[in-house]
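Structure, as structure tokens:
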Amino acid sequence: MLNQVYRLVDPRQFEVQTVAEEITNNDIIVRPRFLSVCHADTRYFTGQRPQATLRQKLPMALIHEGVGEVVKDPQDKFKPGTLVAMVPNTPFETDPIIKENYLPSSKFRSSGYDGFMQEYVSLHRDRAIVVPDNFDHQMSAFIEMVSVGVHALTQLEGVMDADRKVIGIWGDGNLGFITATLVKQIFPDSQLMIFGRHQSKLDYFSFADKTYLVDDIPNALKVSQALECTGGRGSESAIAQIIQHIRPMGTAILMGVSEDPVGIDTRSVLAEGLTLRGVSRSGRADFQRAVDILTDSPVTRERLQNLVGFTRKVSTIQDITDFFEGALTNYWGKAVMEWDV
Ligand SMILES: NC(=O)C1=CN([C@@H]2O[C@H](COP(=O)(O)OP(=O)(O)OC[C@H]3O[C@@H](n4cnc5c(N)ncnc54)[C@H](OP(=O)(O)O)[C@@H]3O)[C@@H](O)[C@H]2O)C=CC1
Ligand SMILES: O=C(CO)[C@H](O)[C@H](O)COP(=O)(O)O
Ligand SMILES: [Zn+2]
């Protein structure tokens with residue numbers, strides 16, 4: 001198949017390249033419909049990654065969050081027109097211990113391998129998860145981020161001690177919001193507290209039990225378990241506050257990506273017997289659990305629809321560039337493009 005792939009060739013510069021692709025009987029062809037931007041994409045778009053990383057990974061099609069319509073299935077199992085969420089992680093082996101998203105041999109789209117900004121995406125058939133008809137399409141575009149939140153909370157369930165009284169989330173942006181909606185489903189009896197930098201963003205977390213600005217947290221406040229959803233330089237102070245406010249033997253799940261190493265007060269981590277668990281990306285099972293939670297919970301779907309922040313139809317390279325520039329200045333919510341190239 002000859003495919004048109006919309007690749008970032010240099011920071012802020014996209015180019016369409018024609019690529020010959022081999023399709024096997026195990027692949028399906030999907031036409032992308034709604035694509036959503038992750039911070040990882042904006043770091044490539046703006047050239048915030050180290051020069052050596054950019055040299056190694058570009059040219060590359062961006063975007064690892066999206067839904068599309070099945071165009072062709074050589075095995076006729078997916079009907080043409082079926083809306084599917086595309087799993088960006090492609091494993092090439094299985095391991096009894098290491099999950100597919102942590103296997104070094106796996107290929108992750110838009111991080112060294114072409115993402116979903118293509119005319120057609122060829123997917124191994126197990127990388128497509130059917131999206132129910134009653135899901136909002138723009139919300140469905142960021143099911144990948146929902147699956148990362150699901151993966152994080154699944155890891156927390158497996159690692160944490162028996163104390164579920166208070167779950168604290170640091171970060172008042174997209175990942176914090178998505179993870180917060182999931183806490184309400186996965187830990188319905190826990191108190192949910194959000195710690196953020198912007199009152200206007202914290203106001204969106206109306207379903208949380210309590211929200212705090214990070215410069216106004218009561219000294220005596222304690223959380224049972226914590227999730228860090230900040231990233232960048234903000235991770236350092238968020239982790240420091242988590243260590244200050246988590247109960248002894250609590251678990252902190254770290255999700256925010258920082259370009260430079262951040263300092264951690266290990267003396268307190270040791271003294272309090274804390275567990276720090278890093279979480280990155282997700283696998284098929286997390287996508288399926290995400291879709292199941294959304295299917296069973298209309299209120300979660302409604303909350304996540306409120307996270308659609310900036311939307312536009314894109315048809316040309318100029319539209320794509322303008323869309324990414326718009327996403328950079330978008331204050332609240334996910335940037336979702338209707339892919340019409
Ligand atoms: N592990 C994974 O698989 C994934 C990781 N990520 C990463 O998660 C991070 C967050 O992504 P996203 O939610 O989309 O980003 P957003 O910018 O939407 O949200 C981050 C929010 O956290 C706030 N913040 C910064 N520092 C602190 C702090 N110390 N305490 C509390 N809040 C703080 C930011 O405020 P301000 O803007 O003022 O700094 C911002 O409002 C990024 O690094 C992203 O790359 C995303 C998806 C998956
Ligand atoms: O966003 C993510 C998953 O949804 C990950 O943070 C992202 O894949 C990290 O990739 P990179 O190393 O290219 O920044
Ligand atoms: Zn992402």
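All residue numbers refer to positions in the sequence shown, counting from 1. Counting starts at 1 for both ligands and their atoms, following the listed order.
Residue Met145 places no heavy atom under 4.0 Å from ligand 2. Residue contacts with ligand 1: Arg233 is excluded, as none of its non-hydrogen atoms falls under 4.0 Å. Ligand 2 is approached by Arg43 to a heavy-atom distance shorter than 4.0 Å.
The proximity of Val214 to ligand 1, defined as any non-hydrogen pair under 4.0 Å, is limited to the side chain. When heavy-atom distances to ligand 2 are checked against a 4.0 Å cut-off, His39 has no atom that comes that close, whether in backbone or side chain. Counting heavy atoms under 4.0 Å from ligand 1, residue Ser258 does not touch it at all. At a 4.0 Å heavy-atom cut-off, ligand 1 does not touch Gln241 at all. Under 4.0 Å from ligand 1, heavy atoms of Asp172 appear from its side chain as well as its backbone.
Of the charged side-chain nitrogens involved, at least one lies within less than 4.0 Å of a carboxylate oxygen, so that Glu157 and Arg289 count as a salt-bridged pair. A salt bridge links Asp163 with Arg247: the distance from a Lys NZ or Arg NE/NH1/NH2 to an Asp or Glu carboxylate oxygen falls below 4.0 Å. Salt-bridge annotation for Arg284 and Asp126: absent, with no side-chain N of the basic residue lying under 4.0 Å from a carboxylate O of the acidic one. Taking the charged nitrogens against the carboxylate oxygens, Arg109 and Asp114 have no contact shorter than 4.0 Å, which rules out a salt bridge.
Relative ring orientation between Phe14 and Phe45 is described as parallel, the plane-to-plane angle staying below 30° on a 0-90° scale split at 30° and 60°. Ring pair Tyr6/Trp339 is perpendicular by interplanar angle, where above 60° counts as perpendicular and below 30° as parallel.
Within the coordination shell of the Zn ion (ligand 3), defined by N, O or S atoms under 2.8 Å, His64 is present.
At a 3.5 angstrom cut-off on N or O pairs, Ser111 counts as close to ligand 2. Not one N or O of Ser280 is nearer than 3.5 Å to an N or O of ligand 2, by distance alone.
Looking only at distances, no side-chain donor or acceptor of Asp172 sits under 3.5 Å from a matching main-chain atom of Lys201.
Less than 4.0 angstrom separates some heavy atom of Phe195 from each of these atoms of ligand 1: 31 (C), 32 (N).
Rounding to the nearest 0.5 Å places OG1 of Thr275 at 8.5 Å from CZ of Arg277.
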